[in-house]
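Structure first, commentary second.
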Amino acid sequence: MSTPHVIVVMGVAGTGKTTIGPLLAAELGVPYAEGDDFHPAANIAKMSAGTPLDDADRWPWLDAIGQWAHGRAGLGGVVSSSALKRAYRDRLRNEAPGAVFLHLSGDRSLIEERMAGRKGHFMPTALLDSQFATLQPLEDDEAGVAVDVSGTPEEITQRAVAALRRLDN
């Protein structure tokens with residue numbers, strides 16, 4: 001990419017944000033921040049118990065991610081965040097106006113299969129339905145691209161890099 005953007009890797013749980021984010025950051029030569037690390041302990045406990053977060057839970061989390069992204073403006077970076085609703089992405093853009101979104105999207109059954117296979121993550125597969133119900137895909141006026149999550153992490157990363165480069169052209 002010609003300019004060092006801050007890229008927010010978004011999507012429902014299980015799409016591979018935590019896998020693709022670091023690979024993308026390495027490919028672009030910028031730092032990666034794990035969005036889950038910005039959650040307060042109360043959010044983690046709530047999700048671990050199978051209870052979806054509400055907007056009041058999400059605002060401080062989104063603000064913290066946005067502040068990290070703001071600090072990387074002009075330098076570049078990659079951060080993960082579900083960013084499922086337009087309002088959440090708008091909140092992130094309020095802090096980091098130049099943020100670009102990479103929406104990892106895919107077939108629900110593939111995502112559920114991947115979620116079921118991961119170990120030690122707080123997000124149960126039971127919350128996947130609420131994630132899909134909340135998801136508002138990127139709109140035409142939002143800087144970003146959607147990339148399918150089928151294939152290997154390396155294949156997904158290469159598709160992401162190619163799609164992000166097309167944004168700059």
Side-chain angles (χ1 to χ4, degrees), residues 1-25 27-28 30-36 38-39 52-55 57-70 72-112 114-115 123 127-151 153-169:
M1 297 180 63
S2 61
T3 50
H5 294 285
V6 173
I7 299 163
V8 179
V9 181
M10 62 166 283
V12 300
T15 54
K17 296 181 295 292
T18 299
T19 300
I20 303 305
L23 292 173
L24 179 62
E27 184 75 22
L28 299 176
V30 296
Y32 170 74
E34 170 56 51
D36 287 341
F38 293 91
H39 274 298
L53 299 179
D54 58 30
D55 287 352
D57 299 319
R58 286 189 183 95
W59 298 136
W61 172 66
L62 289 165
D63 290 344
I65 292 171
Q67 289 163 8
W68 182 89
H70 177 81
R72 297 298 311 164
L75 302 171
V78 176
V79 62
S80 59
S81 170
S82 53
L84 298 176
K85 287 184 180 179
R86 170 71 187 247
Y88 305 160
R89 297 187 296 273
D90 288 346
R91 185 105 176 196
L92 290 168
R93 277 190 293 268
N94 284 340
E95 292 285 336
V100 173
F101 292 85
L102 171 64
H103 179 189
L104 298 179
S105 64
D107 179 71
R108 188 196 185 289
S109 60
L110 172 64
I111 294 167
E112 184 173 24
R114 288 182 178 171
M115 281 184 79
M123 178 69 85
L127 290 182
L128 191 55
D129 286 336
S130 73
Q131 293 257 302
F132 272 105
T134 302
L135 176 64
Q136 297 171 343
L138 290 171
E139 296 179 27
D140 291 342
D141 66 332
E142 294 184 270
V145 295
V147 173
D148 183 73
V149 295
S150 60
E154 293 75 19
E155 291 168 339
I156 297 163
T157 301
Q158 290 309 307
R159 282 196 302 272
V161 168
L164 290 164
R165 284 198 172 122
R166 285 191 296 273
L167 278 181
D168 277 349
N169 296 328

### Task
Grab the two heavy atoms, one from V100 and one from L164, that are nearest each other, plus how far apart they are.
CG1-CD2, 3.8 Å
### Donor-acceptor contact present, side-chain K17 to main-chain V12, <3.5 Å
yes
### Task
Mind running side-chain contact (heavy atoms from CB on, under 4.5 Å) on I65 and R91 for me, showing each step along the way?
CA-CA 10 Å; I65 292 171; R91 185 105 176 196; over 6 Å; no
### Distance, nearest 0.5 Å, that separates CE of M10 from OG of S105
9.0 Å
### Message
Does any part of the side chain of L75, heavy atoms only, come nearer than 4.5 Å to the side chain of V30, both counted from C-beta?
### Response
no
### Task
Determine the minimum heavy-atom distance between P31 and W68, stating which atoms define it.
O-CH2, 4.0 Å
### Query
Between R86 and Q136, is there a donor-acceptor pair closer than 3.5 Å when you use the side chain of the first and the backbone of the second?
no
### Query
Looking at Y32 and S80, what are the two nearest heavy atoms and their distance?
OH-OG, 3.1 Å
### Message
Applying side-chain contact (heavy atoms from CB on, under 4.5 Å), can you list everything that pairs with P153, at least two apart in sequence or on another chain?
### Response
T19, I20, L23
### Task
Check F101 against A83 and note the closest heavy-atom contact, atom names and distance.
CE2-CB, 4.3 Å
### Query
Got a donor-acceptor contact below 3.5 angstrom from the W61 side chain to the G35 backbone?
yes
### Task
Mind running side-chain contact (heavy atoms from CB on, under 4.5 Å) on V8 and L102 for me, showing each step along the way?
CA-CA 6 Å; V8 179; L102 171 64; over 6 Å; no
### Message
Evaluate S150 against D107 for side-chain contact (heavy atoms from CB on, under 4.5 Å), listing each step before the verdict.
### Response
CA-CA 8 Å; S150 60; D107 179 71; over 6 Å; no
#### Entry: Donor-acceptor contact present, side-chain R93 to main-chain P97, <3.5 Å
no
### Query
How about D141: does its CG atom have over 12 heavy atoms from other parts shown lying under 6.0 Å from it?
yes
### Task
Would you give the length of the straight line joining atom CZ of R89 to atom CD of E139, rounded to the nearest 0.5 angstrom?
7.0 Å
### Query
Less than 4.5 Å apart, any side-chain heavy atom of I7 and any of L28?
yes
### Query
With the threshold set at 4.0 Å, does a side-chain nitrogen-carboxylate oxygen contact exist between K85 and D90?
no
#### Entry: Side chain to side chain, Y88 and L92, heavy atoms closer than 4.5 Å
no
### CG on D63 to CZ on R58, rounded to 0.5 Å
13.5 Å
## Note on the structure
Between A143 and A99 the two heavy atoms that sit nearest each other are CB-O, 4.1 Å
### Task
Output the distance between atom CD (E155) and atom OG1 (T157), rounded to the nearest 0.5 Å.
10.0 Å
### Message
Quick check: closest heavy atoms across R159 and D148, and the distance to 0.1 Å?
### Response
NH2-O, 2.7 Å
### Query
Are the side chains of L62 and E95 in touch, meaning some heavy atoms are under 4.5 Å apart?
no
### Message
Let's go through Q131 and I111 carefully: what are the C-alpha distance in whole Å and the side-chain angles of both, what is the deciding distance for side-chain contact (heavy atoms from CB on, under 4.5 Å) to 0.1 Å, and is it a yes or a no?
### Response
CA-CA 11 Å; Q131 293 257 302; I111 294 167; over 6 Å; no
